[in-house]
Amino acid sequence: MGIVILLIMLVGVVLMLTRKLPTAFALVVLGVVIALVVGAPLTGEASVFDTVLQEGAAKLAATMIAILLGSWLGKLLDETGIAGTLVRKIVEFGGDRPTVVALGVLAISALVGTVTGSAPAAMLAGIIGIPAMIAVGVPKVTAAGTILMGIAAGMPFELPIWQFFSTALDLPVDTVRGFMMKLFPFAAFFAVLFVLVETRRRGVEHTWSLRSVGADQEERPSRRRRLGDAPWYALFTPAVPLVLALGFEVAIIPSLLAGVLYALVTTTRPRDMNTRLLRTLYAGFEVAAPPIALFIAIGVLLAAVQLPDSIAALEPLVEAVSPQNPVLFVLIFTALAPLCLYRGPLNVYGLGAGIAGVLIASGIYPAVAVLGLMASYNQVFGVADPTSTQTVWSAQYSGVSPQQVMIRTLPYVWCVALGGLCVTAVQHL
């Protein structure tokens with residue numbers, strides 16, 4: 001039966017890779033089919049309707065709310081001019097020094113990446129940052145990669161990701177936060193190394209063939225006149241949720257709400273607050289809709305693979321191929337890191353979530369070790385996956401292909417994953 005389930009998962013991977021089914025739909029279908037194959041009843045305890053669909057769809061509810069609040073805060077950063085002001089100040093400071101400008105944009109990307117992820121984070125930092133980098137001679141692929149590596153450097157501090165791993169792996173937020181703090185130095189070091197190496201290795205390229213640069217130069221003055229620079233004290237907005245969650249151990253959702261209120265109060269006149277709150281909230285729903293749909297589907301798949309009969313069928317197979325030796329753990333799972341690309345079987349926002357659920361439910365690895373595995377792979381997926389929205393947007397806006405960005409960034413994020421897996425093996429195996 002375990003082999004049948006693996007074959008079903010393989011079919012799901014093919015459907016997602018060939019775009020026959022959207023990822024969210026494919027994961028729901030997989031969850032239902034797996035439940036039916038292992039003999040789950042339609043209703044009642046451990047059933048298709050009540051357990052897999054009903055409970056599974058709401059399994060990651062806290063993560064969905066965190067995603068929505070992060071998207072809301074991201075919209076406020078955009079509409080109030082906070083993100084644009086941060087990028088402009090860095091660009092003005094860097095002048096015509098390509099490496100300095102790129103490092104500055106990298107830092108802002110990391111800061112934005114702590115608030116929200118995916119394409120919204122790339123757009124907040126990249127709409128101004130990418131044309132500015134290209135204008136001073138940073139190669140196009142390096143410009144796109146800088147945005148993505150910056151977001152990945154901020155990813156260990158992204159509160160919605162903490163909530164996702166906490167809920168999906170049934171771990172306390174404190175445990176997730178502790179591992180993320182250990183992963184951050186690797187992400188930050190290789191992000192900076194990427195900028196230093198790639199800006200020098202390729203040399204200065206003064207090119208203006210990027211279609212969006214001209215449009216940005218035309219649109220930016222009118223937008224800047226309309227919004228102006230955000231007040232200096234408003235620029236601390238991205239740090240507010242992080243300080244509360246890290247420094248004062250405030251829960252994730254209240255921390256994000258505090259960031260929303262701080263952005264609003266520091267940039268908006270009282271008579272305009274109500275209108276801006278509603279407008280950015282509705283816009284945040286639009287941004288959050290795709291990831292929320294994905295998290296509903298992931299919850300369904302998690303519920304299916306965690307059914308007692310599913311665990312009994314999969315446990316012998318997964319245990320047979322899961323290394324217990326710490327050295328083999330690092331070597332094998334580092335070699336398998338590319339399987340999280342192209343929506344592959346180790347993608348944490350796809351079948352990887354199901355595999356993580358099986359590893360924990362069957363007791364093959366402790367939950368914190370699975371956290372280390374999935375969080376390390378998430379660094380690779382978040383930067384180098386040509387099918388992820390932030391990679392596609394950054395590459396297209398820079399005038400290059402996502403595959404070019406993947407080739408250039410993959411060695412660096414692969415090393416980040418290696419670092420995370422080494423920490424996991426040393427401390428938890």
Side-chain angles (χ1 to χ4, degrees), residues 12-13 15-19 21-27 63 67 70-71 74 106 109-110 112-127 129-130 140-156 158 160-161 164-165 168 187 190-191 194 287-295 297-298 336-353 374-414 416-417 420:
V13 171
L15 290 174
M16 287 184 280
L17 285 177
T18 58
R19 308 282 179 121
L21 272 181
T23 300
F25 292 171
L27 294 180
T63 303
I67 289 289
S71 301
L106 180 81
S109 300
V112 171
T114 66
V115 173
T116 184
S118 195
M123 293 172 68
L124 285 172
I127 284 177
I130 288 176
K140 293 179 180 180
V141 177
T142 304
T146 297
I147 296 293
L148 296 168
M149 293 295 293
I151 294 172
M155 201 181 296
E158 188 181 342
I161 287 183
F164 169 65
F165 283 126
F190 284 103
F194 171 85
V287 172
I292 286 176
L294 184 60
F295 285 123
I298 290 173
L336 294 178
L339 291 180
C340 69
L341 302 177
Y342 288 100
R343 305 289 173 177
L346 293 180
N347 179 355
V348 68
Y349 300 116
L351 287 179
M374 293 295 113
S376 299
Y377 282 171
N378 193 39
Q379 291 287 319
V380 179
F381 165 77
V383 174
D385 188 350
T387 67
S388 66
T389 54
Q390 65 265 31
T391 304
V392 171
W393 184 89
S394 299
Q396 291 180 344
Y397 193 71
S398 301
V400 296
S401 71
Q403 287 74 20
Q404 289 176 282
V405 176
M406 177 188 69
I407 292 170
R408 193 65 52 78
T409 57
L410 184 56
Y412 298 91
V413 290
W414 210 333
V416 177

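Counting begins at 1 with the first residue of the sequence. Please read all numbers here as calculations on a predicted model, not as lab measurements.
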Worksheet item: Which heavy-atom pair separates Trp414 from Ala337 by the least distance, and what is that distance?
Response: NE1-CB, 3.6 Å
Discussion item. For Asn378, give me all partners under side chain to side chain donor-acceptor pair (under 3.5 Å), at least two apart in sequence or on another chain.
Written reply: none
Item to complete: Could you grab the distance from atom CD of Gln396 to atom CD1 of Ile130, nearest 0.5 Å is fine?
Response: 11.0 Å
Practice prompt. Kindly compute the distance separating OG1 (Thr63) from CD1 (Ile298), expressed to the nearest 0.5 Å.
Written response: 9.0 Å
Worksheet item: What's the spacing between Ile161 CD1 and Ile67 CD1 if we round to 0.5 Å?
Response: 7.5 Å
Item to complete: Using side chain to side chain donor-acceptor pair (under 3.5 Å) as the criterion, list what pairs up with Ser394, not counting sequence neighbours.
Response: none
Discussion item. Main chain of Pro386, side chain of Thr391: is a donor-acceptor contact present, judged purely on distance under 3.5 Å?
Written reply: no
Worksheet item: With a 4.5 Å limit on heavy-atom distance, are the side chains of Ile292 and Phe295 in contact?
Response: no
Item to complete: Identify the two heavy atoms, one from Leu346 and one from Leu336, that lie closest to each other, and give their separation to 0.1 Å.
Response: CD1-O, 3.6 Å
Worksheet item: Is the closest side-chain heavy-atom distance between Met149 and Ser109 below 4.5 Å?
Response: no
Item to complete: Could you check if a side-chain atom of Glu158 sits within less than 4.5 angstrom of a side-chain atom of Phe164, using non-hydrogen atoms only?
Response: no
Worksheet item: Between atom CZ of Phe381 and atom OH of Tyr342, what is the distance when rounded to the nearest 0.5 Å?
Response: 12.5 Å
Worksheet item: Do Leu27 and Leu294 touch side chain to side chain, with heavy atoms closer than 4.5 Å?
Response: yes
Fill in: Minimal non-hydrogen separation, Gly382 against Met155, with atom names
CA-CE, 4.1 Å
Worksheet entry | Chi angles and distances behind the side chain to side chain contact (heavy atoms under 4.5 Å, CB included) call for Phe194, Leu148 | CA-CA 11 Å; Phe194 171 85; Leu148 296 168; over 6 Å; no
Fill in: For Val287 against Ser71, the heavy-atom pair lying closest together
CG1-OG, 3.7 Å
Worksheet entry | Nearest heavy-atom neighbours spanning Gly145 and Thr409 | CA-CG2, 4.0 Å
Worksheet item: Mind checking whether Tyr397 and Ile127 have side chains closer than 4.5 Å, heavy atoms only?
Response: yes
Worksheet item: Between Leu410 and Val380, is any pair of side-chain heavy atoms under 4.5 Å apart?
Response: yes
Item to complete: Evaluate side chain to side chain contact (heavy atoms under 4.5 Å, CB included) for Leu351 paired with Met16, printing each intermediate quantity in order.
Response: CA-CA 10 Å; Leu351 287 179; Met16 287 184 280; 4.1 Å; yes
Fill in: Validation row: Pro411, Phe190 side chains within 4.5 angstrom (heavy atoms)
no
Item to complete: Please round to the nearest 0.5 Å and tell me the distance separating atom CE of Met123 and atom CD1 of Ile147.
Response: 12.0 Å
Worksheet item: Looking at Gly352 and Met374, what are the two nearest heavy atoms and their distance?
Response: O-SD, 3.7 Å
Fill in: Flag side-chain contact, heavy atom, 4.5 Å: Phe165 against Val348
yes
